[in-house]
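One-based numbering along the sequence shown. FYI, side chains are in, hydrogens and waters are out, and symmetry mates aren't considered; it's all heavy atoms of this structure.
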Amino acid sequence: NNPRYEHFLTQHRDEPQSSFHGRYCDSLMSRRGLTRPQCKEVNTFIHDTKRQIQGVCAEEGVPFGNLRRSRQHFRVITCTHKGGSTRPPCEYKENRSPRYIVITCESGWPVHYDESQ
Ligand code: T3P
C-alpha cells in the first residue's frame, strides 16, 4: 500500500531477530541490500511487531521536533560500518542496547528512521 513504509520495514525491521551465528550485522546488512553499491554507514534494525512500531506514530510516541520519539525503549541493533573500504564486503560493529527510537511518520506510517537514544 505505502511504498515508503514497505521500504522502512525492509531497512529497519527484523522480527523475529535473525540468527546468524555471531555475524548479525554483516549478514543482515548484506541480505537487506544495504551494502551495495557501497556499505551503508549506519543502520538500525528494530525487533518488534509492526503494530508496536507504528504505535510510535500515534499514542506510543511523543513529538520530537518534526519527528516522533518512542515513549518506551525498543529492542534494537544498530550496525555501524567499521571503516576501511566502503565497498563490499562490509564489516560492521554492533550496538545491542535497548533505546528509544526516533522516526518520521507520514499519515501515521513510519517512513524514515532518524536515530536511537
Ligand atoms: P534511511 O533514511 O535510509 O532509513 O541518517 C541516515 C541514514 O542512517 C538513515 O537511513 C537512517 C540511518 N540511521 C539508522 O538507521 N540508525 C541510526 O542510529 C542513525 C544515526 C542513522
Side-chain angles (χ1 to χ4, degrees):
N1 43 28
N2 182 332
R4 295 193 68 196
Y5 173 58
E6 297 300 328
H7 186 60
F8 174 91
L9 294 176
T10 301
Q11 291 196 109
H12 296 296
R13 177 170 174 267
D14 180 42
E15 165 73 11
Q17 183 180 326
S18 305
S19 111
F20 289 114
H21 307 287
R23 290 226 157 259
Y24 179 87
C25 281
D26 294 359
S27 304
L28 194 59
M29 291 292 289
S30 171
R31 178 184 287 192
R32 296 296 176 89
L34 304 178
T35 60
R36 294 176 297 273
Q38 297 212 323
C39 310
K40 187 174 180 178
E41 277 305 310
V42 188
N43 193 76
T44 301
F45 295 101
I46 307 166
H47 314 299
D48 216 321
T49 61
K50 295 181 191 177
R51 185 189 181 87
Q52 290 296 319
I53 297 168
Q54 195 180 357
V56 177
C57 295
E59 59 278 357
E60 290 305 314
V62 294
F64 188 78
N66 295 324
L67 314 176
R68 305 281 301 178
R69 182 187 198 261
S70 62
R71 288 186 188 277
Q72 306 206 18
H73 280 179
F74 275 79
R75 289 178 48 237
V76 296
I77 296 182
T78 294
C79 305
T80 303
H81 187 227
K82 277 181 177 167
S85 171
T86 60
R87 297 297 173 83
C90 311
E91 282 194 31
Y92 290 91
K93 58 179 190 251
E94 304 176 2
N95 179 345
R96 294 172 177 261
S97 49
R99 277 159 291 151
Y100 302 107
I101 63 172
V102 179
I103 62 177
T104 304
C105 300
E106 207 176 76
S107 306
W109 299 95
V111 294
H112 169 73
Y113 194 96
D114 196 74
E115 58 171 327
S116 321
Q117 296 189 330

Apply the hydrophobic cluster definition, ILVMFWY joined by side-chain contacts under 4.5 Å directly or through others, and give me every member besides Y100. none
Remaining members of the apolar cluster that contains V62, side-chain heavy atoms under 4.5 Å: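 Traced through the cluster, V62 reaches no other member.
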Counting only N and O atoms by type, is there a donor-acceptor contact under 3.5 Å from the side chain of T104 to the main-chain atoms of V111?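 It does not hold such a pair.
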May I ask you to check whether over 12 heavy atoms, not counting those of H7, lie within 6.0 Å of atom NE2? no
Heavy atoms of other groups near E41 CD, more than 12 under 6.0 Å: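 Yes - once you tally the heavy atoms of other residues, nucleotides and ligands closer than 6.0 Å, there are more than 12.
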Per the salt bridge (charged side-chain N to carboxylate O under 4.0 Å, His left out) rule, what does the pair list look like for [range], sequence neighbours excluded?
| range | value |
| --- | --- |
| residues 44-65 | none |
| residues 71-90 | K82-E91 |
| residues 107-117 | none |
| residues 8-29 | D14-R32, R23-D26 |

Over all atoms of both residues, closest heavy-atom pair of F64 and Q117: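 Heavy-atom minimum between the residues: CZ-NE2, 3.3 Å.
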How close do S18 and L28 get, counting heavy atoms only, and between which atoms? OG-CD1, 4.1 Å
Residue list, side chain to side chain donor-acceptor pair (under 3.5 Å) with E94, at least two apart or on another chain: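 E94 satisfies side chain to side chain donor-acceptor pair (under 3.5 Å) with R96 only.
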The criterion is side chain to side chain donor-acceptor pair (under 3.5 Å); which residues satisfy it with Q54, sequence neighbours excluded? none
Calculate, to the nearest 0.5 Å, the distance between atoms [atom1] and [atom2] belonging to [X] and [Y] respectively.
| X | Y | atom1 | atom2 | value |
| --- | --- | --- | --- | --- |
| Q52 | I46 | CD | CD1 | 11.5 Å |
| Y92 | I77 | OH | CD1 | 14.5 Å |
| M29 | H81 | CE | NE2 | 9.0 Å |

Please verify the inter-ring angle class for Y5 with F8; under 30° counts as parallel, over 60° as perpendicular, anything in between as tilted. parallel
Verify same cluster id: F74, V102 (apolar side-chain graph, 4.5 Å): no
Common cluster, L34/F20, ILVMFWY with side-chain heavy-atom separation under 4.5 Å: yes
Can you name the residues that form a salt bridge (Lys or Arg N to Asp or Glu O under 4.0 Å) with E6, not counting sequence neighbours? none
State, yes or no, whether a side-chain contact exists between K93 and C79 at a heavy-atom distance under 4.5 Å. no
Indicate yes or no: at least one non-hydrogen side-chain atom of Q17 is less than 4.5 angstrom from one of F45.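 No, side chains not in contact.
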Identify, with sequence neighbours excluded, every residue that meets side-chain contact (heavy atoms from CB on, under 4.5 Å) alongside T44.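 Counting only residues at least two positions away or on another chain, T44 forms a side-chain contact (heavy atoms from CB on, under 4.5 Å) with V76, T78, Y113, S116.
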For S97, check side-chain contact (heavy atoms from CB on, under 4.5 Å) against everything at least two apart and list the hits.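 Applying side-chain contact (heavy atoms from CB on, under 4.5 Å) to S97 gives N95, R99.
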Can you tell me which residue pairs pass the disulfide bond (SG atoms under 2.5 Å apart) test with a partner in residues 80-117, sequence neighbours excluded?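 Applying disulfide bond (SG atoms under 2.5 Å apart) to every pair that reaches into residues 80-117, excluding sequence neighbours, yields C39-C90, C57-C105.
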